[in-house]
Amino acid sequence: MQESRLFKIVYYLLDRGQATAPELAERFEVSVRTIYRDIDALSAAGIPIYAEAGRNGGIRLMHDFVLDHVVLSGEEKREILAALQSINITRNIAESQTLQKLSALFALPSENWLEIDFSRWGNQGFDKEKFELLKTAVIHCRQIRIRYAGSDGTERERTVQPYRLVYRSKAWYLKAFCMEKQEMRTFKLNRILELALLEESFVRRSFPEEPEDDEGNYPLVTLRFPKEMAYRVYDEFDGSQIERQENGDLTAAARMPEGPWLISFLLSFGTQVEILSPAYLREEIVRQAEKIVEKYKA
């Protein structure tokens, strides 16, 4: 226990520059007398640590006590710390000892450059808990049981072997082997309504990577939006797909997969979109709009 605390004191001083004995005592939950004994032990071990009395005094290490001989450039050290910062955030923990130690040993600050919140608006608990459970299942090869809301409106329980968490197009997905279907499936995290981590483990199978979507086979959809919808247009389309008209209106052209998703996507704009092409999409939107009118008339 004492050895661990001694290392932590060194890392803390490397990171902060200096600290008072009461500060260290509070940090490591020991008495001030114990801290002074630890300082003596470190000094006896050859660590260049000393204490200065006075108003601005404190316990500190010699200024050049850093691992400058590590064979890494300054840029490489910053890249490592940035990568660890992102890992630290996705782990959903407040402090990473590894990050703190390397930041101190590299004599570089760890910048808080990234913030990720896995929860949806109004949900501060389950989404984060779900992500943590899935991460544990993937890393430790544990089967999980889920209740999943399918695109056909049904809810089913499935036992799956989770392989990978994927973020794509503003949503998180789970790639997993479905024990019921005996094939790889992709599940949208927002549709996982319940989740249980099982005791059963599994051995990873070897599966070929899924081919990238061939967008060349998708129809080219051209849309017109009023200038007031610019915020939404830039949310949904890449700048290279958007053209601003003389009156300020925007047209967007992109190849998009056909099916219920596309119809729902277009309806989500309400009256603030005009489908220029293809013509059959205009007709389908008219049919869906008529169904909506009939529903509310009834």
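As a basis for the values below, the full set of heavy atoms in this structure was taken, side chains included, without hydrogen atoms, waters or symmetry mates.
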Does the side chain of Thr186 reach to within under 4.5 Å of the side chain of Leu174, using non-hydrogen atoms?
no
Leu223 versus Leu266: any side-chain heavy-atom pair under 4.5 Å?
yes
Is the NZ or CZ atom of Arg142 positioned over Phe202's six-membered ring, under 6.0 angstrom from the centre and within 45° of the axis?
no
Is the shortest heavy-atom distance from the side chain of Ile263 to the side chain of Leu281 under 4.5 Å?
yes
When you check the side-chain N and O atoms of Arg232 and Ser268, is any donor under 3.5 Å from an acceptor?
yes
Find the distance between CD1 (Ile49) and CD1 (Ile9) and round it off to the nearest 0.5 Å.
7.0 Å
Between Leu193 and Glu155, does a side chain to side chain contact (heavy atoms under 4.5 Å, CB included) hold up when you go through it step by step?
CA-CA 9 Å; Leu193 307 179; Glu155 295 180 12; 3.5 Å; yes
Under 3.5 Å, side chain of Arg191 to main-chain N/O of Tyr148, donor-acceptor pair present?
no
What distance do Ile146 atom CD1 and Arg156 atom CZ have between them, rounded to the nearest 0.5 Å?
12.0 Å
NZ or CZ of Arg185 within 45° of Phe177 ring axis and under 6.0 Å:
no
For Thr34 and Ser31, which heavy atoms make the closest approach, and how far apart are they?
OG1-OG, 2.9 Å
Backbone N or O of Pro162 within a donor-acceptor pair of the Lys175 side chain at under 3.5 Å?
no
Checking the side chain of Glu294 only, and the main-chain atoms of Lys291 only, is there a donor and an acceptor separated by less than 3.5 Å?
no
For a quick test of reading the model, state the closest non-hydrogen atom pair linking Phe187 to Arg158 and the distance between them.
CE2-NH1, 3.8 Å
Check for me, please, whether Val233 and Leu267 land in the same ILVMFWY cluster - side-chain distances under 4.5 Å, paths through other members count.
yes
May I ask you to decide if Gly150's main-chain N or O and Thr154's side chain share a donor-acceptor pair within less than 3.5 Å?
no
Smallest heavy-atom separation, Ala21 atom then Ile35 atom, equals O-CG1, 4.1 Å
For Glu52, look at atom CD and say whether over 12 heavy atoms of other residues, nucleotides or ligands are found less than 6.0 Å away.
yes
Single-linkage hydrophobic cluster Leu276~Ile285, side-chain heavy atoms < 4.5 angstrom
no
Does any part of the side chain of Pro257, heavy atoms only, come nearer than 4.5 Å to the side chain of Leu262, both counted from C-beta?
no
Tell me if a side-chain donor or acceptor on Tyr12 pairs with a main-chain N or O of Arg27 at a distance below 3.5 Å.
no
The single option from Gln241, Glu274, Gln245 passing side chain to side chain donor-acceptor pair (under 3.5 Å) against Thr251:
Gln245
Given Arg205 and Tyr163, is the side chain to side chain contact (heavy atoms under 4.5 Å, CB included) satisfied, shown in steps?
CA-CA 9 Å; Arg205 307 160 192 246; Tyr163 274 64; 3.3 Å; yes
Measuring only between side-chain heavy atoms, which start at C-beta, is Glu23 closer than 4.5 Å to Phe28?
no
Closest contact, heavy atoms only, Arg204 versus Val138
NH2-O, 3.0 Å
Taking the side chain as everything from C-beta on, heavy atoms only, tell me whether Tyr234 gets closer than 4.5 Å to Leu250.
yes
Side chain proximity check, Gln272 to Pro226, heavy atoms < 4.5 angstrom:
yes
Check this for me: Gln288, atom CD, are more than 12 non-hydrogen atoms of other residues, nucleotides or ligands nearer than 6.0 Å?
yes
Are the side chain of Tyr218 and the backbone N or O of Ala254 linked by a donor-acceptor pair below 3.5 Å?
no
How many angstroms lie between CD in Glu284 and CZ in Arg282, if you round to the nearest 0.5 Å?
13.5 Å
Closest heavy-atom pair and its distance - Leu13, Ala19:
CD2-N, 3.8 Å
Single-linkage hydrophobic cluster, 4.5 Å side-chain cutoff, Leu165 and Leu198 together:
no
With the side chain counted from C-beta on, respond yes when Trp172 and Asn190 share a heavy-atom pair under 4.5 Å apart, and no when they do not.
no
Go through it in stages, so that I can follow the logic: the residues are Leu134 and Ile144, the test is side chain to side chain contact (heavy atoms under 4.5 Å, CB included), and I'd like the CA-CA distance, side-chain angles, deciding distance and then a yes or no.
CA-CA 8 Å; Leu134 289 173; Ile144 57 173; 3.5 Å; yes
Is it possible for you to say whether Met256 and Tyr280 belong to one hydrophobic cluster, with membership spreading through side-chain heavy-atom contacts below 4.5 Å?
yes
Should the ring pair Phe225 and Phe237 be called parallel, tilted or perpendicular, given that the plane angle runs from 0 to 90° and is split at 30 and 60?
tilted
What are the two closest non-hydrogen atoms of Leu195 and Ile192, and how far apart are they?
CB-CG2, 4.3 Å
Looking at OG of Ser201 and CD of Gln143, how far apart are the two atoms once the value is rounded to the nearest 0.5 Å?
8.0 Å
Derivation and outcome, salt bridge (charged side-chain N to carboxylate O under 4.0 Å, His left out), residues Glu157 and Arg147:
CA-CA 4 Å; Glu157 284 199 355; Arg147 183 165 64 88; 5.6 Å; no
Would you call the rings of Phe269 and Phe265 parallel, tilted or perpendicular, where under 30° means parallel and over 60° means perpendicular?
perpendicular
Working to the nearest 0.5 Å, report the span between NZ of Lys297 and CD1 of Ile292.
13.5 Å
Please confirm whether the backbone N or O of Leu189 pairs with a side-chain atom of Lys130, one donor and one acceptor, at under 3.5 Å?
yes
Salt bridge Glu290-Arg287, side-chain N to carboxylate O under 4.0 Å
no
